[in-house]
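In what follows, a single structure is set out as structure tokens and then discussed.
Just so it is clear: chains get the letters A, B, ... in the order the sequence lines come, proteins before strands, and each one is counted from 1. What you see below is based on every heavy atom in this structure, not just the backbone, and it leaves out hydrogens, waters and symmetry mates.
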Number of protein chains: 4
Amino acid sequence: MTKSLKEQNASPKKTRRRSQSSHEAILKATVELLEEVGYVRMSIEGIARRAGVGKQTIYRWWSSKAALVMEAYTTVVANKFPLPNTGKVQEDLETIFCPLFKVLNTTTAGVALAGIMTEAQNNPELAQAFRDQFVASRRTTIKKILSSGIKRGELREDMDLECAVDSFYGAMWYRLLLGHAPLDEDFAQILIAQLLQGIQS
Amino acid sequence: MTKSLKEQNASPKKTRRRSQSSHEAILKATVELLEEVGYVRMSIEGIARRAGVGKQTIYRWWSSKAALVMEAYTTVVANKFPLPNTGKVQEDLETIFCPLFKVLNTTTAGVALAGIMTEAQNNPELAQAFRDQFVASRRTTIKKILSSGIKRGELREDMDLECAVDSFYGAMWYRLLLGHAPLDEDFAQILIAQLLQGIQS
Amino acid sequence: MTKSLKEQNASPKKTRRRSQSSHEAILKATVELLEEVGYVRMSIEGIARRAGVGKQTIYRWWSSKAALVMEAYTTVVANKFPLPNTGKVQEDLETIFCPLFKVLNTTTAGVALAGIMTEAQNNPELAQAFRDQFVASRRTTIKKILSSGIKRGELREDMDLECAVDSFYGAMWYRLLLGHAPLDEDFAQILIAQLLQGIQS
Amino acid sequence: MTKSLKEQNASPKKTRRRSQSSHEAILKATVELLEEVGYVRMSIEGIARRAGVGKQTIYRWWSSKAALVMEAYTTVVANKFPLPNTGKVQEDLETIFCPLFKVLNTTTAGVALAGIMTEAQNNPELAQAFRDQFVASRRTTIKKILSSGIKRGELREDMDLECAVDSFYGAMWYRLLLGHAPLDEDFAQILIAQLLQGIQS
DNA sequence: AACTAACCGAGACGGTACGTCTCGTCTTCGC
DNA sequence: GCGAAGACGAGACGTACCGTCTCGGTTAGTT
């Protein structure tokens, strides 16, 4: 995600273009530092130093630390979990959430996402971008699965889709941010089962 | 929440004690600034300035900005919602969550909680304190309600209590932090109904 | 006197250079504050505030408050009193010391020098710099005058040059620092006369 | 030197008097810390800590760090060098200055004196006390020796006493504070000889 | 082949806030 | 009522980064 969505410069400019090597060095340094020191301890100055790059080169292309992190992780996390949506609802959901929880649990992706959410609390522009570019597509995936389930008659017609999606992702974020209990595959299965069946006897 | 739990000095110490007026002025300034500028823009220096207090007096009694905010809001939010737990499960849950969502939605309490969660991402000590002193008691309340429901035969015996609690509070935090949809009383009711009944047809 | 003597970078560096206006504003603020509040009451923060400059800009170029004061006064006091050394010893010495005492007496130069000497007591690096860059050249001037006097036969061959110089400057510093008696031109004349002739009958 | 000269309470009050042991512990801690960390690095807080005494107990009886140091050293240095004044001027002066230079050179007395002089630059009250209670008596001693010399015909009648004293003590302080050359007994002898005879051929 | 932007690294700049330190005063309690 | 203990308001310390702003130097496309 670069500085602006309006970057699609209608007129393909004539002069020197963005340095590919700097771009990569910056993203690499970002990922490394995120692992090493965590989100808030990671500074733009530190990234520039590590990447062997001028600060301005970072500010030129990204609007904030979080935008940087978002670019670094968006593609990685994004396209790893393609849409199944072909079998039963429960299986489809497990196909999505089990590996997702595992990745958040065992890599720095969790810290990165938590960092973005953190910064979004005080950066409305980033919050918007995060919702639009990252969260929305993942929510849509779940909604499609649930919608298919409704069509197939597996799920109630009167259910609240948004609320259901919030239940899944809410529980995930809650454990990710609060850390009071493990965010593992077992949890994914129980969560899915329990929401599908309800807890009423 | 002061710096240590051991403050209940069984031996009433001999020297000058904590200044009551400073203590109050600091908490007051904290609440005011939180409303005015938000969590991250609020600085310890600013609080000290506003409270007419030396910085050291803040550092002496609180370990971080978040600890300060936590003390300022813990009591306020905490004891406003006493345990109902006398009727049906659904009613009890609504008695808890409807006013809670409303408060988070319409006052600065939501921003404050989000700030604490934010800082907890990089302050393990605070994270622990937040879980132990704030989150735990609220989770316990819900667990009691659900347990009573199980005893009364309203809820399944084989349900996962922790997972159920995560579903409720997870959805709440998710909307609080991400802000993609309103955290209102309607949402509380739908969330409760849907989790109780499940979404399966 | 900037942070290093090696600043005469034979290779004219490439990046943004030191801001001339900031440099001047800092020296100006230093001199002003020295007059207004005295050496120890003068703080780096205060200088930065007065000069409209970031603290880091001061720390970048000077290692201490004293180094700052030294730069501010070195040139001023230094080159005002060129070497006479052409007539009789007594006249030459008076040409040096009379205006020097007057300046120390009637301007803030005295306070500044006292401040440097003060800080030098606890800053060996500064003490060295002060001796090398400030004191030494003034002592050398006097030694040249006295040496010429010896060659011309005006002064004894067996005199101790160092000790003689200490007698002149020692008396000056003593009155400057202790303030028990005026450091004026009369004193300069008596001091010179008395040391030249001795006090023995 | 205690806080006030008016402390000689004509009416020996009935209530608790100054604690002798605290008084001594404070002076002892002062001397120790002066040796260990030097004048400016020594703080009132540190002295109180070392002496096992409340800060207020120090502030009650001394007006500043320098006043403390002055009391600690005044008696020590003061009465060690009794007035000779019985032989020839040169011998008398050497009897005074040789051991004095040696003490300043080889003990912490030099650092202590330098510290007092340092603080006096920014504490007029202390400066006055230092001149009156410490410097004056030492100057008087020298003046008496010189006066005797004049009476005996050893020294010129038209000499400037003040200026002569400044020459001796000035050179001493100059070497003590600047440290450009040793302040030893050889220097004392040369200084005395040279000032007595003059440097003119 | 020369021109000419834009981009690059480097890092100085005015600032804010950090968390620590010490100051000199104020308050409490025990002896 | 003195003295230890230490909390208090104050404010400077030196550091870390912020985001902006020059600097030359280095690339690419045009021309």
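- Side-chain nitrogen and oxygen atoms of Arg60(D) include at least one within less than 4.0 Å of the OP1 or OP2 phosphate oxygen of dG3(F).
- Residue Arg41(B) has no polar side-chain atom (N or O) positioned under 4.0 Å from OP1 or OP2 of dT16(E).
- Residue Thr57(C) places at least one side-chain N or O closer than 4.0 Å to OP1 or OP2 of dG14(E).
- Separating the CD1 atom of Ile58(C) from the C1' atom of dA12(E) is a distance of 14 Å, rounded to the nearest angstrom.
- To the nearest angstrom, P of dC13(E) lies 10 Å from NE2 of His23(C).
- Per the geometry, CD belonging to Gln20(C) stands 16 Å off P belonging to dA12(E), to the nearest Å.
- The separation between Ile26(A) atom CD1 and dC8(E) atom C1' is 10 Å, rounded to whole Å.
- Within the 4.0 Å cut-off from OP1 or OP2 of dA7(F), not a single side-chain nitrogen or oxygen of Ser19(B) is found.
- dA4(F) atom P lies 15 Å from atom CD of Glu45(D), rounded to whole Å.
- Two residues are said to be in side-chain contact when any heavy atoms from C-beta on lie closer than 4.5 Å; Leu68(C) and Trp61(C) fail this criterion.
- Across the interface with DNA chain E, nearest-nucleotide mapping of Gln56(A) and Gly54(C) shows Gln56(A) to be the residue nearer the 5′ end.
- Dashed line: the shortest gap from a side-chain N or O of Arg49(C) to OP1 or OP2 of dA12(F) is under 4.0 Å.
- On a pure distance criterion of 3.5 Å, a polar donor-acceptor pair joins the side chain of Lys55(C) and the base of dG14(F).
- Remark: Ser22(A) is not in phosphate contact with dC7(E), judged by side-chain N or O atoms under 4.0 Å from OP1 or OP2.
- At least one side-chain heavy atom of Glu119(C) sits under 4.5 Å from a side-chain heavy atom of Tyr39(C).
- Checked for salt-bridge contact, Glu45(D) and Arg50(D) miss the test: no charged N lies under 4.0 Å from a carboxylate O.
- The residue among Ile44(C) and Val53(B) whose nearest nucleotide of DNA chain F is located toward the 5' end is Val53(B).
- One can place CZ of Arg50(C) at 19 Å from C1' of dG15(E), the figure rounded to the nearest angstrom.
- If you check every strand for non-hydrogen atoms under 4.0 Å, Gly52(D) touches sugar and phosphate atoms only.
- Contact annotation: the side chain of Met70(A) approaches that of Leu126(A) to within less than 4.5 Å [non-hydrogen atoms, C-beta and beyond].
- Listed pair Ser43(B) / dT16(E) fails the phosphate criterion, with no side-chain N or O lying under 4.0 Å from OP1 or OP2.
- Following rounding to the nearest Å, Lys65(B) (NZ) and dA17(E) (P) show an atom-to-atom distance of 10 Å.
- Side-chain atoms of Trp61(C) lie closest to dA12(E) of the nucleotides dT28(E), dA12(E), dG19(E).
- Put simply, CZ on Arg18(A) is 12 Å from P on dG9(E), counting in whole angstrom units.
- The NZ atom of Lys28(C) sits 10.0 Å away from the CG atom of Leu33(C) when rounded to the nearest 0.5 Å.
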